[in-house]
Q: 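Got a structure for you, written out below as structure tokens; questions coming shortly.
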Amino acid sequence: MTELDDLLQSAKDHALAYREAVAVDPKPIARDYHTIRDSLMAAVPELGAPPAEVIEELVAIAEGGLMPIAGPRFFGWVMGSSHPAGVAADWLVAAWGQNAGYHTPTPAVAAIEELAERWLVELLDLPVGSSVGFTTGATVANGVCLAAARTGTLLQAGWDPDADGLFGAPPVQVLIGADAHSSLFSSLQLIGFGYNRVTKIDTDAEGRMLPAALERAIGKAAGPKIVIAQAGQINTGCFDPFAEIVAIGKAHGAWVHVDGAFGLWARAAPGLKHLTAGIEGCDSWCTDGHKWLQVPYDSGFAIVRDRAIHQRAMTQWSSYLPTIGQGDRVPSAFVPELSRRARGVPVWALIKTLGRQGIADLVARNCAQARRFAERLAREPGLRIMNDVVLNQVIVNFGSGSAAERKALTEAVIARVQADGVLFAGGAQWRDDWVMRLSVISAVTTDADIDVSADAIIAVWRGVQKG
Ligand SMILES: *Cc1c(COP(=O)(O)O)cnc(C)c1O
């Protein structure tokens, strides 16, 4: 056997053992970050070691320190399950060693990514011809879309931000819902807009942007404008009223962007699509592959209606790079990277494996499971569902008394649930309350997992009340 054969066999055996174990017994973290870090830190090795030993050591280091995100009862954050089809496709991507930045030197992966682009636009029912940049995640995808928005709005105002930067440019007004995801502020920081230089638009109890508040604020804003809306609020799962937001944005010449890191996938499920009505009128959309599509990390999509603007905001060119034919799609022209792995390949593999029907069923199933979770929990006294469960997110507050007393109880429940390890759930602040967050977004979660998890939470809650 060759060395590669040995290594891949060993990696496969370990990977398989892990996935089989996590599927039936998604154990909580046994060795925490500090323990692992302290046991691991050492000087740079002077001499190398046989790779087979390195892989064995890697497995030993990770033992007890892997979060069961690929397991069936991980509801902690909005994270997909790294589907086997994507894992296998990614192994080939690594083995092929293709640098996916350009199309002609690496034709197979470039063509696959181009097809994945088309399929994504079709599945999400966005305007035909929209471009997709394959990024590491939604944070970067939001940044890419906002960079395109910066180019688009400033060119219209007679300024070229790509050539001349932002110093001296007409100020761009950014209007963003008050319950936007934190990552958007890091995207705004990165593209030179600043995370504080925004106008926050009031939202309703679920976190939906109020059109009347947008109308008032945008009326006062002069110059180029960007409106940032949201499909799928991180705690409640709610959707902004896109038809109204687009109408207001367009009436004021704004670029309208949507952060739809997970919620955009509601568009792929016929029974949920109404939640996104009007979203097709926006100018850019971001979503993730490593959330609902179950692609392994890392996978995000920056989708822009105006292909030319998207490319203009991202393109680099040098004499040593291949020339670009008319109509050719260059993978690096839609992301802020040149060399990268062929991120479109596992995306292609997942769409091919699930099909339109499988994706629709998965999204609908997870949402039905979230409702099931909420209904089961709501029957227990002292426990309150704090959101309108329209998608896959359920937030729960425990106990009575002041917000501080309820926070202490809710934190106690979360800590015990995490220690017991039947399921994983985290916490967050929502309005005045600390809540347990449950995100149902895994292809391996069954209805039975929901029932087992709800019963485990209820048992912990009863125990916490006894003290
Ligand atoms: C997860 C998420 C993000 C950030 O996405 P990453 O893939 O983690 O970079 C942004 N917005 C929303 C609504 C999210 O759920």
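Order of appearance sets the numbers: ligands from 1, and atoms from 1 within every ligand.
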Q: Could you tell me the residue and atom name of the protein heavy atom closest to atom 5 (O) of ligand 1, and the distance to it rounded to 0.1 Å?
A: A138 CB, 3.0 Å

Q: Got the closest protein heavy atom to atom 2 (C) of ligand 1, with its distance?
A: K291 NZ, 2.3 Å

Q: Looking only at heavy atoms, what is the nearest atom pair of V78 and S439, with distance?
A: CG2-OG, 3.6 Å

Q: Side chain or backbone of H290 under 4.0 Å from ligand 1, or both, or neither, by non-hydrogen atoms?
A: side chain

Q: So which bit of D259 gets within less than 4.0 Å of ligand 1, heavy atoms only: side chain, backbone, both or neither?
A: side chain

Q: Near A261, which atoms of ligand 1 are under 4.0 Å from a heavy atom of that residue?
A: 2 (C), 3 (C), 10 (C), 11 (N), 12 (C), 13 (C), 14 (C), 15 (O)

Q: Should we say atom OH of Y195 is surrounded by more than 12 heavy atoms from elsewhere, each under 6.0 Å from it?
A: no

Q: Looking only at distance, does Q230 have an N or O less than 3.5 Å from an N or O of ligand 1?
A: no

Q: Contact between I351 and L120 at the side-chain level, heavy atoms closer than 4.5 Å - yes or no?
A: yes

Q: Do me a favour and list the nearest non-hydrogen protein atom to atom 10 (C) of ligand 1 with residue, atom name and distance?
A: S183 OG, 3.1 Å

Q: Is the shortest distance from a heavy atom of I234 to ligand 1 less than 4.0 Å?
A: yes

Q: For side-chain hydrogen bond (donor to acceptor under 3.5 Å, both in side chains), just list the numbers for S130 and R305, CA-CA rounded to whole Å, side-chain angles, deciding distance to a tenth of an Å, and then say yes or no.
A: CA-CA 4 Å; S130 296; R305 174 194 293 274; over 6 Å; no

Q: Quick one: do Q393 and T236 satisfy side-chain hydrogen bond (donor to acceptor under 3.5 Å, both in side chains)? Show the steps, please.
A: CA-CA 6 Å; Q393 298 294 118; T236 66; over 6 Å; no

Q: Taking only heavy atoms of G232 into account, list the atoms of ligand 1 that are under 4.0 Å away from them.
A: 13 (C)

Q: Any nitrogen or oxygen of D288 lying under 3.5 Å from a nitrogen or oxygen in ligand 1? Just yes or no.
A: yes

Q: List the closest protein heavy-atom neighbour of atom 4 (C) of ligand 1: residue, atom name, distance to the nearest 0.1 Å.
A: T139 OG1, 3.5 Å

Q: Do you know the tightest heavy-atom contact between S453 and R73?
A: OG-CD, 3.2 Å

Q: Test your reading of the structure: does G137 have an N or O sitting under 3.5 Å from an N or O of ligand 1?
A: no

Q: Salt bridge between R208 and E244, side-chain N to carboxylate O under 4.0 Å?
A: no

Q: Report the C-alpha separation of F424 and W77 in whole Å, then their side-chain angles, then the decisive distance to 0.1 Å, and conclude whether the ring pair (Phe, Tyr, Trp, His ring centres under 6.0 Å) test is met.
A: CA-CA 9 Å; F424 186 93; W77 294 281; 5.4 Å; yes

Q: Would you call R31 and E63 a salt bridge, using N to O less than 4.0 angstrom?
A: no

Q: Of the side chain and backbone of W77, name the one, both, or neither that has a heavy atom under 4.0 Å from an atom of ligand 1.
A: neither

